Amino acid sequence: AQTVTQSQPEMSVQEAETVTLSCTYDTSESNYYLFWYKQPPSRQMILVIRQEAYKQQNATENRFSVNFQKAAKSFSLKISDSQLGDTAMYFCAFMKPTPNDMRFGAGTRLTVKP
Amino acid sequence: DTGVSQDPRHKITKRGQNVTFRCDPISEHNRLYWYRQTLGQGPEFLTYFQNEAQLEKSRLLSDRFSAERPKGSFSTLEIQRTEQGDSAMYLCASSLSYNEQFFGPGTRLTVL
């Protein structure tokens, strides 16, 4: 079974600084997808960034980027120039093409301080 | 169509009662998923539909739980004889491909 581990239950960062959230996963598959989702307080989950395992290049979306280390089964999220609106729970998720269910980590609560 | 919608947003029920939740996915999405999220945890997969076919069910989905997706559009999740341990946020998501699942706002269930 695939497991996703987020070892940082809580993190904080000063506004405009950079923070990195960690995620490791366990799988014997070679083809899969990795995601970071953001869940603001009392609001629905939205996708931050995704990575296909067959792509060597790390995904980037504006201030968000990942460090994908396939051999180490590591998928960290870097948030640059942190903003107050980045305050949220961040979930790392793993998905195989079949079956098409997504496995989530326990989450990291990020607080951006002014 | 602005996204995945779920109804109701909140449900309070007494132990032993039956409850039903509805999810309306993004209209062109053929995949629909149900998850359960308890406080401080990540969502846990419950079940998955491709069109009207239920293709995957988690072992978390006991016999008291049933999900349907008639005509491959909206979906319902029914919990019979609710227990206090069923209290959680029930999330629905839909997708068109493997790339991204779009989540609804969830239905928060409280069983007294």
Side-chain angles (χ1 to χ4, degrees), chain A residues 1-10 21-25 29-55 59 61 64 75 77 88-110, chain B residues 2-10 21 23-26 29-51 53-61 67 69 75 88-108:
Chain A
Q2 286 71 37
T3 59
V4 179
T5 302
Q6 294 180 249
S7 59
Q8 305 151 314
E10 294 189 26
L21 308 184
S22 301
C23 173
T24 58
Y25 57 94
E29 302 290 329
S30 59
N31 185 26
Y32 50 86
Y33 304 85
L34 295 164
F35 306 84
W36 278 98
Y37 275 88
K38 168 185 177 181
Q39 189 175 39
S42 301
R43 295 182 63 185
Q44 64 201 74
M45 290 220 293
I46 57 174
L47 180 69
V48 174
I49 198 165
R50 62 176 173 261
Q51 174 83 41
E52 291 90 346
Y54 64 86
K55 291 187 177 179
E61 289 286 341
F64 300 88
F75 184 60
L77 174 69
M89 282 289 287
Y90 285 82
F91 293 100
C92 177
F94 168 100
M95 188 179 74
K96 293 190 299 182
T98 306
N100 202 213
D101 60 314
M102 194 172 289
R103 309 285 172 157
F104 288 84
T108 296
R109 183 179 303 279
L110 176 67
Chain B
T2 57
V4 179
S5 62
Q6 293 186 244
D7 183 69
R9 295 291 304 277
H10 303 274
F21 310 141
C23 171
D24 287 90
I26 294 172
H29 286 186
N30 60 345
R31 295 180 173 89
L32 187 146
Y33 313 80
W34 285 98
Y35 294 87
R36 182 174 70 185
Q37 185 178 23
T38 53
L39 198 62
Q41 297 297 316
E44 296 172 293
F45 170 77
L46 292 178
T47 190
Y48 152 58
F49 290 85
Q50 183 161 325
N51 299 313
Q54 188 173 17
L55 297 185
E56 186 75 12
K57 291 171 64 173
S58 164
R59 280 173 286 184
L60 292 174
L61 213 65
R69 193 184 182 196
S75 175
M89 178 76 84
Y90 289 84
L91 298 172
C92 176
S94 70
S95 74
L96 189 58
S97 70
Y98 302 127
N99 278 343
E100 179 178 357
Q101 293 182 19
F102 293 82
F103 282 81
T107 294
R108 182 170 296 284

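No experiment lies behind these values; they were computed from the predicted model shown.
- Using a 4.5 Å cut-off between heavy atoms, B/Gln37 contacts chain A through its side chain alone, with no backbone atom that close.
- In this structure, the portion of A/Gln39 lying under 4.5 Å from any heavy atom of chain B is its side chain and not its backbone.
- By the side chain to side chain donor-acceptor pair (under 3.5 Å) test, B/Gln41 pairs with no residue at all, sequence neighbours left out.
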**OP:** Check the pair B/Glu100, A/Tyr37 against side chain to side chain contact (heavy atoms under 4.5 Å, CB included), reporting the backbone distance first and the verdict last.
**Re:** CA-CA 10 Å; B/Glu100 179 178 357; A/Tyr37 275 88; 4.1 Å; yes
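- Here the closest non-hydrogen pair linking A/Met45 and B/Pro43 is CE-CG, 3.7 Å.
- With chain A as the partner, the residue from B/Ser58, B/Gly106, B/Gly104 showing the most heavy-atom pairs under 4.5 Å is B/Gly104.
- The shortest heavy-atom contact between B/Tyr35 and A/Met102 is OH-CB, 3.2 Å.
- Between A/Leu47 atom CG and B/Phe103 atom CZ the span is 9.5 Å, to the nearest 0.5 Å.
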